[in-house]
Structures are given as C-alpha cells and as structure tokens.
Amino acid sequence: MLDNLTQRLAKVVKTLRGQARLTEDNITEMLREVRMALLEADVALPVIKELIARVKEKAVGQEVIASLTPGQALVGVVHRELTELMGGGNVGLNLATQPPAVILMSGLQGAGKTTTTAKLGKWLRERQKKKVLVVSCDVYRPAAIEQLKTVALQAGIDFFPSSAEQLPKDIAAAALDYARKHYYDVLFVDTAGRLSIDSAMMAEIKELHVVLNPIESLFVVDAMQGQDAVNTAKAFNEALPLTGIVLTKLDGDARGGAALSVRHVTGKPLKFAGIGEKLSGLEEFHPERMASRILGMGDILGLVEDAQRGVDQDKAQAFAQKVKSGKGFDLNDFKEQIGQMRKMGGLSSMLEKLPAQFAQAAQQAGGAVEDKSIRRIEGIINSMTPQERAKPEILKASRKRRIASGAGVQVQEVNRLLNQFEQTQKMMKQFSKGGMQKLMRGMKGMMPGMR
Amino acid sequence: MFGFLKKKDGATPPGAKPGWAERLKDGLSRTRAQLGGQLASLFRRTRIDSDLLEELEATLLQADVGVEATGFLLDELKVAVRRDKLETPAQLQVALVKALEDLLAPLEQPLDVSAHKPFIIMIAGVNGAGKTTSIGKLARHFQAQGKSVLLAAGDTFRAAAREQLQAWGEKNGVVVIAQESGDPAAVVFDAIHAAKARGIDVVLADTAGRLPTQLHLMEEIAKVKRVIRKAEPSGPHEVILVLDANIGQNTLGQVKAFDKAIGVTGLIVTKLDGTAKGGVIAAIARQQPIPLRFIGVGEGIDDLQPFSAHEFVAALFEGT
C-alpha cells in the first residue's frame with residue numbers, strides 16, 4: 001500500500017510534466033490525488049480540506065508559473081505548506097522558571113508516555129546537565145510504576161517512589177515537595193493513559209495540573225494514530241493547557257499524518273520525535289522531513305540515520321583500521337558488512353525510503369531479489385570453518401564441495417562469492433593506497449546484484 | 001478512585017453484568033455518536049444525490065475505513081441504488097447496513113480452544129497495542145468457560161512487562177511462567193512444558209511489542225513460533241495479532257507484516273471504546289481478511305467480546 005502511494009504521486013507528477021500549463025482541470029485531479037495520499041497517511045479529513053484549499057490558492061498564483069515543471073511545483077507547494085503547518089514555534093523545552101521545572105506528560109494508553117519520559121529525562125541530563133527527577137502517577141495499570149523505575153535507572157535519572165495505593169495528586173504533591181527540597185532542576189510527572197471521553201480520568205489530570213502547575217505540559221501522540229487523532233487532541237487541549245507535542249514510534253512505517261492533525265487542531269508546537277525503544281531514541285522534530293514522509297517523498301535523511309544507528313561504532317572503527325592498513329580483510333569482515341546492511345533493515349526497506357522515482361528504478365533493477373541473495377551469502381560463509389574464513393586462499397575443490405553442500409547451494413555459488421570477496425579485497429587495497437573515489441567505483445562490485 | 005480500581009480488577013461478579021450486546025453498545029457509543037450520528041443526519045435527508053454520497057464518503061473516511069474500502073462500499077451502494085431502484089435515504093441506510101454486514105461477516109469466526117490440549121495461543125503486536133492487557137482479559141474469558149489457563153511472560157524486553165503480567169496473574173490465580181530476562185522463546189518453551197505437566201487447557205504466550213520495520217525483532221518473533229513448534233509440534237494453534245483501533249491505515253501494514261513473519265490466524269482489535277473508529281475493521285475485511293476473534297470495548301476485564309458482524313453493525317446504527 002505504501003508503494004502505491006509513493007508511485008501514484010510520482011505518476012501524477014509525470015502526467016503533469018507533459019502538459020504545458022496548469023488548467024483548473026489538471027490541478028483538481030492532482031489535488032484529488034494529494035487528498036488521497038493525505039488520507040492514506042492518516043491526516044484527518046477536516047485538516048486535509050483546509051490544506052487543499054490553501055494549496056489551491058497558492059498554486060494558481062505565480063509560484064507555479066515560474067517553475068520548470070508544473071507537477072513538481074505543485075508537490076513543492078504542498079510540501080511547503082505541510083512544512084509550514086507543522087513547523088514554527090519549536091523552541092525546545094521551556095525550563096525558565098524557579099526550579100524545579102515541572103513537566104506533565106499525558107496521552108492515550110500505549111502512546112509511549114513512560115518511555116518518552118525517560119528519554120526526555122536522559123536528554124536533559126546529558127545535553128543540558130540538569131538534575132532530573134521522575135515520578136509516576138499511574139496507579140491503575142499493573143507494574144506501571146515499576147516500568148518507570150526501571151527505565152529511569154537505565155536513563156541515569158532519579159526516581160521518586162510511589163505506590164498504587166496512593167492518590168495521583170498526593171503522589172504529585174509529595175514528589176514536588178521532594179524535588180524542591182533536594183534542588184532538582186526538572187521534575188517529570190508521568191501519568192496513566194486515558195481516553196479523552198473518560199470524564200473521571202480527565203478530571204483527574206486537570207486536578208494534577210492544578211497541583212503541579214507545570215511549565216511544560218506535553219501531549220504524547222502515537223505517529224500511527226488514525227483519523228481520531230483530531231478529536232483526541234482537541235479534547236486534551238481543552239482539558240489541559242498543553243504546551244507541546246511529542247510524536248512517538250516514528251521508527252515504524254506509518255506516514256504519521258497524525259502529526260499534522262494534532263498540530264493543526266491544538267496549534268501547539270511539535271517538540272520531539274521518539275524513535276525506537278532505546279532511551280537514546282529521541283530527536284528534535286523536523287517539520288520538513290515529516291512533510292516528506294507524509295507525502296511519501298522518501299526520507300533520505302532518515303536513511304542516513306538508520307545507517308548510523310545500525311552500525312556498531314566500535315566495530316566500524318576496527319573495520320576502518322583494517323581498511324586503512326589494507327591487510328587482513330577476511331571473510332569474517334565480509335560477513336560483518338553484510339550483517340550490518342541487514343541490520344539497517346535490508347535492501348528492500350532501504351529502497352522504500354528512497355524517493356519514488358529512484359525506488360521504482362531500483363526495483364526494476366531487481367531490488368526485491370537482493371535480500372535473498374544476501375541471505376545465501378551469509379549461509380555460505382556460515383558453512384565455513386573459522387580457519388577458512390580467515391584464510392580464504394586455502395579453499396580448494398573438496399572444501400568448496402563441503403561448503404556448498406553445507407549451505408545447500410551449488411559449488412558455482414561458492415566460487416561466485418569468493419570472486420566477489422576477492423574484488424572487495426582488491427578494492428580495500430586500492431583504498432589503502434589512494435582515494436575514496438576508487439573505492440566508490442569499486443563499490444558496485446561489493447553488493448551482489450547491483451552490478 | 002478505589003471503586004474504579006476494583007472495577008478494573010474485575011471484582012464485580014460476572015453474573016451481575018449487563019448483557020454483552022448492551023455493553024457492546026455502550027462501548028461503541030462513541031463510534032456511534034461519531035459515525036452513526038453523522039450517518040443519521042445524512043439519512044434524514046430527503047433524497048439520494050451526489051451530495052449525500054459525498055458526505056457519506058467523508059464520514060466513512062473519517063472513521064478510518066480507508067480509501068480502498070470506502071470506495072468499495074460506495075460502489076456497492078451505487079449498484080444497489082440502481083438495481084433496487086432505491087429512492088429514499090432510509091432505503092440507502094438499509095443497503096449500507098447490509099453492505100457493511102456482508103463485508104464484515106467473513107471475519108466472524110469464533111475461537112474454539114477445545115481442539116487441542118494445551119491449546120497454545122501466541123500473542124503479537126506493535127508497542128502499546130494492548131497485548132498484555134488483552135492477555136489478562138483473554139485468560140479471564142477462558143476461565144469463565146471453565147478452562148485452566150497458563151501465561152508465558154514472553155515480553156522480556158520492556159521494563160516491567162513481566163511484573164505487569166505477574167501482578168495480574170497473582171490477583172486472578174493464574175500461573176505465570178517467567179524468567180529473569182533471557183530469551184522470549186525459552187520462556188515460552190518452558191511454559192508449554194509446564195502446561196503439559198500440569199494438564200493446563202490454554203497457554204497464552206505474550207511477546208514484546210515490535211514495529212514491523214524492526215526486522216531483527218520480526219525474526220525474533222518468527223523464532224518464538226518455531227520454538228513453540230518444537231515444544232508442541234501441532235502448535236501454535238492460534239497466532240493472534242493485537243491491533244489498536246486508534247491506529248489508522250498503518251494497521252493494514254501491520255497485519256501484512258506480521259502475517260508474513262508468523263502467519264497470523266486471528267485478530268483482536270482493542271480500545272474500540274475510546275475511538276470514533278470502528279472503521280479500520282472494514283478496511284481489514286477488505287484488504288487483509290483474517291478472522292477477527294475479539295474486540296475490546298472497555299477497560300473492564302470482561303470487556304473483551306467475541307466479534308459478531310451483525311451485532312457490531314447493529315450497535316453502530318442503533319438509535320439513529
């Protein structure tokens with residue numbers, strides 16, 4: 001489904017490219033496609049309507065006429081509008097108050113409040129050297145307090161114990177008192193997940209807000225949320241004076257239209273984005289990237305980050321050392337490289353992050369087969385003894401036969417792998433002698449099937 | 001406050017509860033208010049015209065029905081209008097109810113756990129979908145049928161997930177098999193052997209939440225399934241994917257990805273009470289028809305209900 005979307009937008013751009021100018025007709029058709037794309041990205045319908053109206057207004061004006069291809073220009077307008085809608089007013093966390101600066105977390109069940117709390121705490125501790133205390137007011141879900149305690153420990157921030165027998169507001173008051181007396185800079189108050197229609201629970205969080213008088217009140221939203229994001233955000237915004245939004249689970253493949261809906265309805269800035277379950281998975285919100293993602297225009301920056309995340313730094317350094325010296329690059333390293341590529345989600349998921357046109361081209365070049373052949377290569381290497389991996393030159397016919405039958409492939413496949421490996425090895429040597437450019441040229445040989 | 005806690009613990013005797021159709025109606029009141037309410041005002045109009053169809057489209061889209069399924073339903077309706085010469089919006093409503101019921105009916109396949117002993121159910125889903133909570137509710141559901149239940153705390157990753165399950169198990173007198181951290185597959189393996197030794201009827205295997213983009217985690221869960229097969233060659237007898245009704249069109253991607261990794265045989269849609277959206281069920285029926293075993297319509301432990309297409313659609317339109 002995601003592919004369809006990406007391709008469809010690409011197709012629209014293509015059909016429009018053939019036309020000399022924008023007429024009412026083709027702009028309408030284009031906008032209909034955009035509407036569909038936004039709907040599939042889970043942007044709420046009322047928000048879409050408003051956005052389309054704005055885009056139409058701008059597109060009819062000069063901006064389009066001045067550009068090279070009208071179709072791309074229109075996508076550009078949409079992209080700019082989206083960026084503008086989601087951006088602005090992002091000032092990070094406001095802690096400018098008499099300490100402790102209280103930060104209240106709220107959201108639906110399972111949005112990721114507790115994880116986000118720990119991530120933010122770690123962020124403040126590491127980047128701004130703040131003394132951070134966290135407390136959980138979730139007395140409902142079993143072991144919720146335990147969960148915060150564990151993640152707080154991992155994040156290296158202090159945890160204020162509470163128990164399920166206490167009232168949330170009593171916990172909050174006690175934690176605030178403790179934070180004051182012990183000179184904490186920041187106090188995070190994690191709350192139970194609640195539905196916006198649960199009036200008793202909404203009253204409870206209002207009460208918490210009164211007791212705490214937080215300087216930041218963050219609303220945690222799941223990036224995968226559907227059309228209802230609008231209603232939920234509206235209800236929370238009405239109940240609480242929210243100051244910002246944190247978008248979570250952005251490492252998934254949802255397009256994240258909820259970000260736009262929530263931003264539009266509440267008018268509050270999107271401050272952070274949560275990525276992954278690791279406590280380091282938090283970054284400032286990038287409206288431009290989000291706009292690209294919602295439109296299915298690919299996320300090249302995200303790809304780069306994936307690569308960084310997937311690569312083990314120590315190993316990478318050891319590898320770089322080997323490359324530099326030009327010696328000792330053996331099949332173990334070869335396998336390591338392949339393994340890291342897989343960690344990044346395999347070739348096919350990397351392709352998905354490319355903009356539509358490239359992705360299509362790459363797919364035609366046989367992108368889908370890639371993961372399979374990479375698995376096969378791993379299998380072959382796994383069938384070798386450690387000695388063989390370290391010294392591939394000892395591989396002769398009978399060893400090859402054994403490896404082939406061990407990996408369930410033909411001997412030719414083993415030979416092909418060895419050839420590839422040799423090429424890579426040669427490349428490494430070239431690299432050690434001189435120049436990145438040579439390496440880049442040689443790179444094509446390294447990834448099987450990309451030749 | 002404490003009254004609320006009690007309610008959550010399921011302290012209310014099961015006999016005293018209102019009929020489940022009643023509670024389904026309650027739970028879906030918001031969906032109805034959103035979807036049904038808008039539909040009702042639509043169907044009060046005097047005639048069927050393109051305006052009405054357009055509004056209907058918007059309503060369905062806003063209920064997370066999705067572009068594809070909405071197109072399908074509208075086409076069905078247009079055909080019905082021509083074929084049956086429908087004239088009044090009221091007739092159109094009847095046609096819509098029927099189209100929805102027909103669409104959802106194939107999903108209605110109740111889960112029968114008496115085929116095997118122990119009947120092994122594996123639970124999977126993305127982070128925060130409500131897996132562990134659903135397991136509690138499922139355990140309760142099977143206990144009410146007179147089955148003995150054993151839980152495997154296979155979520156060895158998230159902080160305090162094990163404690164969450166253990167706390168729940170203690171309160172409800174259910175055995176929970178857990179290990180200090182370790183491999184989820186190993187925990188499940190142990191649990192199955194324990195269930196065999198104790199003559200347990202149903203094993204519920206929890207797993208950690210994972211997003212389908214995390215390929216290594218998807219491989220891990222595929223391994224859990226393989227290991228279950230080692231412990232019990234006929235298992236797992238049911239692989240349930242838990243879906244959060246709040247989630248939009250990504251739901252379909254989730255179903256697809258998990259189905260590819262572990263062969264999903266049943267679905268649970270949770271948090272249907274809080275959202276205006278039953279609509280995603282229609283999208284599933286249209287694009288990834290996998291039996292919908294249960295729907296969660298409330299926080300209470302008894303609020304997990306077997307899915308019935310007729311009851312569900314009726315609850316949506318009731319009182320409109």
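The structure displayed is predicted, hence computed values, not measured ones. Below, chain A is the first sequence line, B the second, and so on; all start at residue 1.
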Q. Which pair of non-hydrogen atoms, one from A:Gly276 and one from B:Gln214, has the smallest distance, and what is that distance?
A. CA-NE2, 4.5 Å
Q.
Could you check whether any side-chain N or O of B:Lys271 sits under 3.5 Å from a backbone N or O of A:Leu108, counting only pairs where one atom can act as donor and the other as acceptor?
A. no
**Q.** Reported CG-to-CG distance for the pair B:Asn250 and A:Asp222, which is rounded to 0.5 angstrom
**A.** 8.5 Å
Q | Spacing of A:Ile275 atom CD1 and B:Leu211 atom CG [to the nearest 0.5 Å] | A | 11.5 Å
**Q.** Contact origin within B:Glu57 toward chain A - heavy atom pairs under 4.5 Å
**A.** side chain
Q) If you round to the nearest 0.5 Å, how far is OG1 of B:Thr70 from CG of A:Leu39? A) 8.5 Å
Q. Between CG of B:Asn127 and OG1 of A:Thr115, what distance do you get to the nearest 0.5 Å?
A. 8.0 Å
Q. Between B:Glu68 and chain A, which part of the residue has a heavy atom less than 4.5 Å away: side chain, backbone, both or neither?
A. neither
Q: Return yes when atom NZ of A:Lys122 has more than 12 non-hydrogen atoms of other residues, nucleotides or ligands closer than 6.0 Å, and no otherwise.
A: yes
Q.
Given heavy-atom pairs under 4.5 angstrom as the criterion, report whether the side chain, backbone, both or neither of B:Ile247 touches chain A.
A. both
Q.
Can you tell me how far apart CD (B:Gln62) and CD1 (A:Ile48) are? Round to the nearest 0.5 Å.
A. 9.0 Å
Q) Can you find a pair of side-chain heavy atoms, one from B:Arg158 and one from A:Thr114, that are under 4.5 Å apart? A) no
**Q.** Spacing of B:Asp64 atom CG and A:Asp42 atom CG [to the nearest 0.5 Å]
**A.** 6.0 Å
Q. Does CD in A:Gln154 sit with more than 12 non-hydrogen atoms of other residues, nucleotides or ligands closer than 6.0 Å?
A. yes
